[in-house]
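Counting from 1, the numbers follow the sequence of the chain as shown. Computed from a predicted model, the values in this text were never measured in an experiment.
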Amino acid sequence: MHDAYDLVQLLKLTVQIESIAAYEDNLLVGTKQGHLLMYSVCYREADTKHEVQLLRYNKNFSKKPIQQLAVVPEYQLLISLSDNIICVHDISIINFPAVNVVQKSRGATLFALDIKKYTSLTGETSVTVRLCVAVKRKLQLYYWKNGSFLELSEDLAVPDVPRALVWCQETLCVGFKGEYSLVHLSPAKKQDLFPTGKHQEPLITKLSDSTYALGKDMQSIFMNTDGNPIQKYAVKWSEVPVVVAYDEPYLIALLSETVEIRTIEPCLFIQSINSASKARLATQAPPDGRLYIASSSHVWLVRAMPVERQVRTLLRERQFQLALRLTEASPGATDDERKRSLKEIQRLYALDLFQNKLFHEAMQEFLKLEIDPYEVIRLFPDLLPQTSRPGPEPNPPPDTRMKLQDRELENGLLALIEFLTEVRCKLMRDVKNRNHTNTNSPNRVVNNNNNLGLASNGESVNVTDNGSGSNRVRDRSTQQLLQIIDTTLLKCYLQTNDALVAPLLRLNHCHLQETEKTLRRHQKYSELIILYQTKGLHRKALELLQKQADQPDSPLFGHERTLNYLQHLGKDNIKLIFDFSGWVLERHPEEGLKIFTEDVMEVEQLPRPQVLDFLLRQHKHLVIPYLEHVIHVWEDQNLIFHNALVHQYRERVQELLAAPAEGEERSPSQDEEAKQLRAKLLTFLERSTHYIPETVIIHFPLDCLFEERAVVVGKLGHHEKALSIYVSILGDVPRAIQYCDKVYEQKAEGYEDVYVLLMRMLICPPENWLIGAPPPVTVQPDLETALSLLEQYASRIPPVKALGVLPDKVPLGRIQHFLETCVQRQLSERRRTQVLKGLVYAEHLQVQEQRVHFESQSILVTEFNVCSVCKKRFGNQSAFARYPNGDIVHYSCQDRRA
């Protein structure tokens with residue numbers, strides 16, 4: 001695919017190489033003869049040759065082959081396995097003297113190290129070293145402390161002799177002949193994995209602190225420390241590897257005649273190098289990751305090509321994922337350089353995914369980039385507003401815009417919706433966390449690579465490219481971003497799922513003109529109403545509603561939407577309500593009146609006097625039902641409405657009772673309506689206490705509505721006029737008696753004489769009508785009714801005034817009952833008064849007795865008396881207080897007494 005590494009021969013030895021180890025610029029070689037050689041490898045990237053210098057050579061390091069070597073640079077330790085025992089050497093001294101021999105490890109065949117670095121809160125770094133040694137069918141665990149390896153725990157038994165061993169965190173991955181197992185240290189347990197395949201030898205490669213690559217014949221399988229696979233697919237090799245090393249992001253396998261290089265994710269073949277025949281050992285030299293490989297006589301350096309060169313090649317081949325992995329693992333770049341490179345590769349990767357129509361994956365990459373949403377929207381030219389579509393771009397990115405159709409377009413829009421929704425949520429969270437929105441001037445220039453943006457007020461915003469690439473810092477306000485996002489989301493919804501348009505518009509930041517144009521083009525009038533409503537453009541909304549109300553095929557057909565809209569406008573838009581309620585009230589008066597009477601908070605808060613004035617001027621036929629609702633449903637006690645309802649009832653009744661024009665006849669429906677209205681008027685006059693009788697009576701006619709007038713003059717306390725109407729005009733004595741009962745029971749002003757007034761009118765009818773017009777009929781005296789009234793209400797009628805009204809010719813026997821009742825009432829009143837007088841006098845005597853008792857008590861206060869609160873004596877001028885139990889305290893101390 002491309003040249004990621006080259007192979008450089010470093011050494012050709014006459015002795016047989018058994019083991020190798022490396023750290024920093026040093027290479028250690030252990031031989032079958034027990035010799036230990038230490039070389040310095042000077043690496044220059046620009047030079048194809050490497051300077052190799054022998055630093056130390058110890059022929060007497062061991063009498064047996066050096067089976068395994070490992071270095072702990074932090075402690076300058078070299079750990080060796082030779083003659084089946086673990087020894088620790090000081091690497092800083094020229095002849096590598098032994099500092100510790102792990103005697104218990106005799107019989108060892110394999111070991112593994114676990115080196116961890118910890119940084120404390122004070123910034124100090126400490127290193128822990130743990131050692132696992134395979135001795136026959138046991139695993140011995142040690143830790144380094146004070147110059148020696150100490151036992152960490154009891155030995156762990158395993159089913160066979162380990163042939164491969166790697167330590168990761170609290171887990172040991174062990175390879176036996178034919179199978180792999182995990183040994184967990186805490187809690188201690190063994191977990192079998194899978195067999196090694198036909199090739200019995202296990203092969204384990206540590207990838208990270210929690211992952212391994214395990215060999216199975218010609219493939220590598222990837223597992224974590226929990227024993228679970230971490231990749232869906234294994235890496236397959238050309239033949240069974242001898243050794244596999246990991247140099248992120250590459251896996252390097254030593255085959256019989258070649259070095260093969262592959263990647264894990266994505267799973268790709270990279271390179272095959274043919275110059276390392278029979279290599280069987282490999283080791284890496286941290287921290288720069290140089291890889292040394294060796295056969296029995298040669299040592300090679302597998303040298304990585306410069307990262308920048310590899311990345312350029314990968315980008316040309318459109319292998320963006322690998323380029324990202326390689327850039328992330330690059331050891332030579334600074335953090336800032338690495339971030340810039342990663343963002344540029346991510347951008348190219350996302351665009352490539354988009355071109356390959358992997359829209360969801362592309363949008364996920366755009367989210368990771370935190371790219372300006374406008375850049376992503378530009379990939380869909382049809383979503384851009386006409387005013388902001390760029391002309392010829394100075395350097396347009398190749399093939400970034402496609403004409404998508406049908407299913408591809410829908411998939412792209414769905415992915416864009418997902419992207420924009422996520423960005424919108426993040427913006428809203430940021431705004432909430434800051435508790436304010438970053439508000440900028442709507443017409444300022446903002447620096448980014450867009451050719452044209454949208455300002456919050458709908459104006460265009462010129463934006464320029466500052467030349468720093470697609471991922472530079474933007475200076476666009478949050479409000480503008482939300483406007484662009486919401487406007488684009490609306491267009492996407494219209495093409496994918498228009499049911500989501502309305503919810504978006506209810507809480508939107510859409511660009512007004514562009515959104516309005518789009519909705520009209522799609523004939524989404526209901527959604528257009530929502531847009532106007534959320535933007536506060538109520539007049540435009542109501543004009544559209546009125547226009548569409550006459551279109552049968554429109555979703556806004558009819559008056560219901562206008563009715564509902566007006567009901568929720570509120571008192572601040574009362575003029576607008578008056579302007580647009582007219583056509584509804586004319587066509588549908590009963591329904592239209594709900595604009596002012598619906599049980600909605602905004603409707604109840606409308607200024608009712610203004611509504612009444614509006615109805616009186618333009619829709620007078622609706623005044624009565626409106627006032628009835630205000631008074632009877634809302635229980636409004638405003639005098640204006642009560643007076644107005646009386647006047648409206650009266651006027652309507654007079655209209656209905658007026659004589660018809662010549663040649664016309666009164667219809668039965670008019671008579672029925674007049675009857676119903678008179679019943680309502682009479683009931684209202686009797687029950688309401690919030691109209692002003694003095695104002696109302698002025699407008700009542702003198703030639704009709706006598707019963708109603710009687711109620712009003714009665715409210716004024718003019719009992720004689722009211723009774724005169726009942727007796728002289730209506731001739732309804734029972735109704736007059738009912739009036740007297742009501743006045744007396746309510747104890748209204750003049751209630752004592754109301755029955756006497758009725759008797760006088762019955763005995764001696766008035767010659768002149770008291771309301772200002774001549775009586776319609778002559779009323780004859782009715783002494784019998786007056787005497788009956790006297791007998792029935794004897795207890796309510798004052799005797800002296802009643803006798804003054806009666807004619808002298810009335811026999812005494814006729815008023816005997818009345819007189820007896822009066823005398824009995826006077827006697828009862830006298831007895832009650834006498835009893836009350838006696839009780840009051842007895843109470844007076846008791847009070848006097850108590851006064852004498854208390855006045856007879858005395859208190860002697862001397863200079864020896866002490867206040868029970870402050871424990872101080874009373875001075876000559878001290879004011880004091882005495883409690884009922886006899887305690888005396890200073891007056892100022894009385895509130896502090898417990």
For this session: Show your working on side-chain contact (heavy atoms from CB on, under 4.5 Å) between Leu566 and Asn573 and close with a plain yes or no.
Result: CA-CA 9 Å; Leu566 291 172; Asn573 297 289; over 6 Å; no
>> Checking Val603 against Ile595 for the side-chain contact (heavy atoms from CB on, under 4.5 Å) test, could you report, in this order, the C-alpha distance in whole Å, the side-chain angles of both residues, the deciding distance, and whether it holds?
In response: CA-CA 7 Å; Val603 173; Ile595 296 171; over 6 Å; no
Practice item. Starting from the C-alpha separation in whole Å, work towards a yes-or-no answer on salt bridge (charged side-chain N to carboxylate O under 4.0 Å, His left out) for Arg652 and Glu655. Key: CA-CA 5 Å; Arg652 182 57 182 160; Glu655 291 175 3; 3.0 Å; yes
Exercise for review: In sequence, state the C-alpha distance, the side-chain angles, and the governing distance for Val754 and Leu723, and then conclude on side-chain contact (heavy atoms from CB on, under 4.5 Å).
Suggested key: CA-CA 9 Å; Val754 67; Leu723 292 172; 4.1 Å; yes
- Checking side-chain contact (heavy atoms from CB on, under 4.5 Å) for the pair Ser868/Tyr883: CA distance, chi angles, key distance, verdict? CA-CA 11 Å; Ser868 61; Tyr883 286 92; over 6 Å; no
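By the ring-ring contact (aromatic ring centres under 6.0 Å, His included) test, Tyr525 is found to be paired with no residue, residues two or more places apart in sequence or in another chain being considered. Listed by chain and number, the residues in a salt bridge (Lys or Arg N to Asp or Glu O under 4.0 Å) with Arg539 are Asp579 (sequence neighbours excluded). Considering only residues two or more places apart in sequence or on other chains, Phe874 meets the ring-ring contact (aromatic ring centres under 6.0 Å, His included) condition with His890. Remark: Pro693 engages Tyr691, Val712, Lys715, Leu716 in a side-chain contact (heavy atoms from CB on, under 4.5 Å) (not counting sequence neighbours). Under the rule for a salt bridge (Lys or Arg N to Asp or Glu O under 4.0 Å), the partners of Glu855 that lie at least two apart in sequence or sit in another chain are Arg851. The side-chain contact (heavy atoms from CB on, under 4.5 Å) search around Ile698 returns none, not counting sequence neighbours. In this structure, the side-chain contact (heavy atoms from CB on, under 4.5 Å) partners of Val630, at least two apart in sequence or on a different chain, are Arg608, Tyr626, Trp634, Asp636, Phe641. Under the ring-ring contact (aromatic ring centres under 6.0 Å, His included) criterion, Tyr532 pairs with no residue at all, not counting sequence neighbours. The side-chain contact (heavy atoms from CB on, under 4.5 Å) check on Val653 picks up Leu657, Leu677, Arg678, Leu705, with sequence neighbours excluded. Checked against ring-ring contact (aromatic ring centres under 6.0 Å, His included), Tyr565 has the following partners two or more places apart in sequence or in another chain: His538.
Listed here is the closest heavy atom pair of Ala722 and Ala710: CB-O, 3.7 Å. Between Ile530 and Ala502, the shortest heavy-atom distance links the atoms CD1-CB, 3.6 Å. The minimum heavy-atom distance linking Leu606 with Ile574 is given by the pair CD2-CD1, 4.0 Å. Considering every non-hydrogen atom in both Arg796 and Asp741, the closest pair reads NH1-OD1, 3.7 Å. Closest approach of Leu531 to Glu516, counting heavy atoms only: CD2-N, 3.8 Å. Between Met759 and Val805 the shortest heavy-atom distance is C-CG1, 4.2 Å.
Few gaps surround CZ on Arg617; more than 12 heavy atoms of other groups in view lie less than 6.0 Å from it. Counting heavy atoms of neighbouring residues, nucleotides and ligands inside a 6.0 Å radius, atom CG of Leu827 exceeds 12 of them. Residue Gln848 places its CD atom among more than 12 non-hydrogen atoms of other residues, nucleotides or ligands, all under 6.0 Å distant. Atom CD of Glu749 has 12 or fewer heavy atoms from other residues, nucleotides or ligands within 6.0 Å. The 12-atom threshold is not exceeded at CD1 of Ile640, counting heavy atoms of other residues, nucleotides or ligands nearer than 6.0 Å. Other residues, nucleotides and ligands place more than 12 heavy atoms under 6.0 Å from the CD atom of Glu694.
Using a 4.5 Å heavy-atom cutoff, the side chains of Lys540 and Lys535 are not in contact. Side-chain contact between Ile697 and Arg709 is present, with at least one heavy-atom pair separated by less than 4.5 Å. A heavy-atom distance below 4.5 Å is found between the side chains of Glu628 and Tyr649. Side-chain atoms of Leu505 and Leu528, non-hydrogen and from C-beta on, never get closer than 4.5 Å to each other. Put simply, the side chain of Gln533 does not reach to within 4.5 Å of the side chain of Arg506, judged on heavy atoms. Under the 4.5 Å side-chain criterion, counting only non-hydrogen atoms from C-beta, Arg561 is in contact with Ser526. For the pair Leu512/Leu537, a side-chain contact is recorded, criterion being any heavy-atom separation below 4.5 Å from C-beta on. Using a 4.5 Å cut-off on side-chain heavy atoms (C-beta onward), His647 and His699 make contact.
Here Lys620 pairs with Glu651 in a salt bridge; the nearest charged N to carboxylate O distance falls below 4.0 Å. One finds a salt bridge joining Lys594 and Glu591 here, because a Lys/Arg side-chain nitrogen approaches an Asp/Glu carboxylate oxygen to under 4.0 Å. In summary, Glu686 and Lys742 do not engage in a salt bridge, as defined by a charged side-chain N under 4.0 Å from a carboxylate O.
Not one N or O on the side chain of His719 forms a donor-acceptor pair closer than 3.5 Å with the backbone of Cys740. Formation of a donor-acceptor pair under 3.5 Å by the Ser788 side chain with backbone atoms of Glu784 is found in this model. Within the 3.5 Å criterion, the main-chain N or O of Lys680 finds no donor-acceptor partner in the side chain of Thr683.
Ring-plane geometry between Tyr726 and Tyr739 is classed as tilted, the angle between the planes lying from 30 to 60 degrees on a 0 to 90 degree scale.
One finds the CE atom of Met761 at 15.0 Å from the OG1 atom of Thr785 (value rounded to the nearest 0.5 Å). Rounding to the nearest 0.5 angstrom, the gap separating the CG atom in Asp732 from the CD1 atom in Ile725 is 12.5 Å. Distance check: Glu602 CD to Glu604 CD gives 10.0 Å after rounding to the nearest 0.5 Å. Rounded to the nearest 0.5 angstrom, Phe880 CZ and Gln894 CD are separated by 12.0 Å. Between the CD atom in Gln637 and the NE2 atom in His690 there is a gap of 3.5 Å [rounded to 0.5 Å].
Among pairs with a residue in residues 750-766, those fulfilling salt bridge (Lys or Arg N to Asp or Glu O under 4.0 Å) read Asp753-Lys801, at least two apart in sequence or across chains.
In summary, the side chains of Gln676 and Glu672 do present a donor paired with an acceptor at a separation below 3.5 Å, with no hydrogens or angles considered.
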Donor-acceptor contacts, no H, no angles, side chain residues 541-557, under 3.5 Å, sequence neighbours left out:
unit_1, atom_1, unit_2, atom_2, d
Gln548, OE1, Ser554, OG, 2.8
Asp550, OD1, Arg587, NH1, 2.9
Ser554, OG, Leu556, N, 3.1

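Judged by the 6.0 Å distance and 45° axis criteria, Lys747 is positioned over the aromatic ring of Tyr744.
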